[in-house]
Amino acid sequence: MFGKLRWSAIPIDQPIPLITSVVVILVVLGVLGLVTAKGWWPYVWREWITSVDHKRIGIMYCALGVLMLVRGFADAIMMRTQQAVAINAAGYLPPEHYNQVFSAHGTIMIFFGAMPLVIGFMNFLTPLQLGVRDVAFPTLNSVSFWLTASGALLVNVSLFVGEFARTGWLPYPPLSEATYSPGVGVDYYLWAVQIAGIGTLMTGINFVTTVLKMRCPGMSYLRMPMFCWTTLSASLIIVAVFPILTATLAMLSLDRVFGWHYFTNAAGGNPMMFMNLIWAWGHPEVYILVLPAFGIFSEIFPTFSGKPLFGYRSMVAATLFICVVSMMVWLHHFFTMGAGPAVNTFFGIASSVIAVGTGVKIYNWIFTMYGGRVRLTVPMLWSLGFIFTFVIGGMTGVLLAVPPADFLVHNSMFLVAHFHNVIVGGVVFALFAGLDYWFPKAFGFRLHEGWGKAAFWFAFFGFWITFAPLYVLGMQGMTRRLQHINIEEWRPMLYVSAFGVAVLAVGVVCQIVMLVVSIIKRDELRDVTGDPWDGRSLEWATPSPAPFFNFAVLPNVEGEEAYWGIKLRAIETQQLSPEPKYEPIEMPVNSSVGFYTAFFASVTGFALIWHIWWLAGLGLAAAFAGFVVFAWRDVHEFHVPVEEVARIDRARRAAREAFLARLAQQGALP
Amino acid sequence: MSDTGLPAAIEALRRVREDPHRLGHRAHGAEAPVEGAGHGATGPANKRIVVGYGFWIFLLSDIVMFSCFFAAFAVQRDATAGGPGPRDIVELPRVALETGALLLSSYTCGLSFAATNARNKLWTQIFLLITGLLGLAFVGLELQEFISLASRGITPQRSGFLTSFFGLVGLHGLHVTVAGMWLATMMAQVQLKGFRREIIHRLICFNLFWHALDIVWIGIFTIVYLMGSGA
């Protein structure tokens, strides 16, 4: 009746997962209880759960991502402390638990922390920057988000029903085959990532179409902000490689459930085929993360340097170059496979060459600052920290791209230090910079600057104190994923690294305090003009927070840096452009299909993990029924009456006029 | 069938609205940008272009997924583990019949859209029905093949080669089955809702999907069956 599910799946005898589970369940119940007690359900349902507004979906993605970053960070603390106390000792995490911790850490950080945040920014920003009202497929967008949330739910359910994979963030066979991993851990991984991956694939399709087909009048390709270019490139990579992930995970599932032989080490299965397939997805995946991060920096540097982006066209070329070459480097993840010198040379050179595109970008950002009026705000601090950190991470990457050198430090702590150096220094720093930069656009008030700066400095030094020792340990021969260590010489560096994670934790606390303080002081931090940073792209032309239709009238773009041109003209003539003729606006109606789909995806996923076949069938049938019902709906859009449009836009214009008057009073106008 | 009984002017307006590119009606080259085509100068594309464009992107991703299963087949083609090889499992007469059914279904699918363009509900439904029946025949023949193989002990559990064979062919069969469910839903929608804008958009997507499955089948027919029978 319940497949492999038994009462023994709940870890009553293991204190750490048990206590965590109880706390998580209590917090979730507390939040749900609060929403119920306050009667917020209609609001939450109407404005968030069923919303197809790209800004709301973007914010939900970011919230999910931040939550999962904290969850993944808890795993990180456990790993670093375990390695610090388990030197010639057992430590406090038994091996099977430690293996789950590092597997969950990687899976959660990449799939449910970094990816939702990156996609959240793509969602929130791209339509605003392109000067349009929504993405190409708003309802599909909601489905994408809820599928990602469903995947995140399944990963976290594994904490208190069953177990998680012990096979690393990519489940290499034959270890991940049913013979060697008979439990449900790998199945949790497979179905959580599969469901979230399908959501991501649909996001990719959505954003390729949005950028190529949904731009406001005059927004030709070479007038798009850099972030839109990086969204396009990342989405193109998603469309090209996420199907590979889907296929590979499906193959491993077939092996595990039905005893097929794709990747087994018997009967003609081929484990190395898994390595090739998974990394043909996995390497481009890191560029899916880092290209939008580059896009975020390309927005922040010009704004806080008071100059246009240096070398815009070379930036576009470098982005597209990385987009293409990212799919030609995957073999550097297993130079030791034995493919021979010719193959290794090709991939070694390709892996080094891709750094050229990144180098072009780094110089462009530095030259953007050169001669500008640089303001050292919180987003700018993260960006400067990024340049320093990422350049070093990139150089250790080029070192690893040389096959003979890679043979020496392959699978060592050096590698761990390298990829944290680029992913934390590149992606996570960008996400924190972006959160600070666009927070006022999302919520109408800025984040507290002092706490933001404190968070940056603790995170920056915390990062380096944690990971610099790992480079040394890697060079000394320490391999990754060790549950205990019996080499006394590594003790000092492991202690330094554990201290570093404590400094990082202070940074995390500062971020949380920053959020709380900013909410309390929101009236002082209010952004009244909609343009708190003296921005240059179209999202700053809207009030903060932006109205649900973004633009009362679609802007007509006449050059690069669309909003900067509009702003200069207003300041020169000391007046706004004449009031446009308002027209009613058509917007897509809310839809519960995303939530519905995710509900049945979670149920089906859970059923497949535990081999509850009748429930899986029921879930699939219900999902199909849901799609048919959705396809039958007759109302797709609602009209915003012209008075409503005019009222909202006139308020925006009044704020801008007040701003101009304030400038005139200060004698700042020409 | 082309006579829809509408005045020519309305017909012309409809065509421009539905096909702003005027494909086949104007020469390519530098011209004034077309309203609704989604080019930078004119603002967002209209719904029909956006839906079709998005579906093309989806098809590309679907073909990437098939390419993984093709790659696995290429890698494991000789991994028979002492069991049956390609030559032992291919029965060309049945495959010829399957291919005939599927190719013919693509033709009738095209005819159904010609009828949709003429807003003729009856012929749209007739051709969709024929398409569906031919698809059903294809899936039935494939199931028969799988069952007969299994009865001879030839199952995916036997070897890496058979795993990749059943995986690739089965994935295509699954696609045709799902497309068949979509087709049935579309027939019901056409019948009950008529040729609304969004229904026509869905029919466009369905047509693209059905033809794409045909193209994938050409690959399977050639690489798995024809090359297998000669191996």
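Labels below follow one simple rule: chain letters A, B, ... track the order of the sequence lines, proteins then strands, and each chain is numbered from 1. Both backbone and side-chain heavy atoms feed into the values below; hydrogens, waters and symmetry mates do not.
In this structure, A:Arg313 places its CZ atom where only 12 or fewer heavy-atom neighbours from other residues, nucleotides or ligands lie under 6.0 Å away.
Residue contact with chain A, scored on non-hydrogen atoms closer than 4.5 Å, involves the backbone of B:Arg158 exclusively. Contacts between A:Ala136 and chain B at a heavy-atom distance below 4.5 Å involve backbone atoms as well as side-chain atoms. With a 4.5 angstrom heavy-atom cutoff, A:Leu201 touches chain B only via side-chain atoms. Contacts between A:Ala631 and chain B at a heavy-atom distance below 4.5 Å involve backbone atoms as well as side-chain atoms. Both the backbone and the side chain of B:Gln157 come within less than 4.5 Å of a heavy atom in chain A. With a 4.5 Å cut-off on non-hydrogen atoms, B:Phe66 does not touch chain A at all. Interface remark: B:Phe69 contributes backbone and side-chain atoms alike to the contact with chain A (heavy atom separation under 4.5 Å). Using a 4.5 Å cut-off between heavy atoms, B:Leu192 contacts chain A through its side chain alone, with no backbone atom that close.
Taken from NE2 in A:His636 to NZ in B:Lys47, the straight-line distance is 9.5 Å, to the nearest 0.5 Å. Note that OG of B:Ser164 and CE of A:Met273 are 7.0 Å apart. Values are rounded to the nearest 0.5 Å. Rounding to the nearest 0.5 Å places OG1 of B:Thr163 at 12.0 Å from CZ of A:Phe258.
Most heavy-atom pairs under 4.5 Å with chain A, from the set B:Ala72, B:Ala188, B:Pro156: that is B:Pro156. No other option in B:Asp62, B:Ile63, B:Val51 has as many heavy-atom pairs under 4.5 Å with chain A as B:Val51. Taking chain A as the reference chain and counting heavy-atom pairs below 4.5 Å, the highest number among B:Gln76, B:Arg202, B:Met65 is found for B:Gln76.
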Margin query: Set out, in order, the CA-CA distance, both residues' side-chain angles and the distance that settles side chain to side chain contact (heavy atoms under 4.5 Å, CB included) for A:Ile205 and B:Phe55, then state yes or no.
Written below: CA-CA 8 Å; A:Ile205 294 168; B:Phe55 200 78; over 6 Å; no
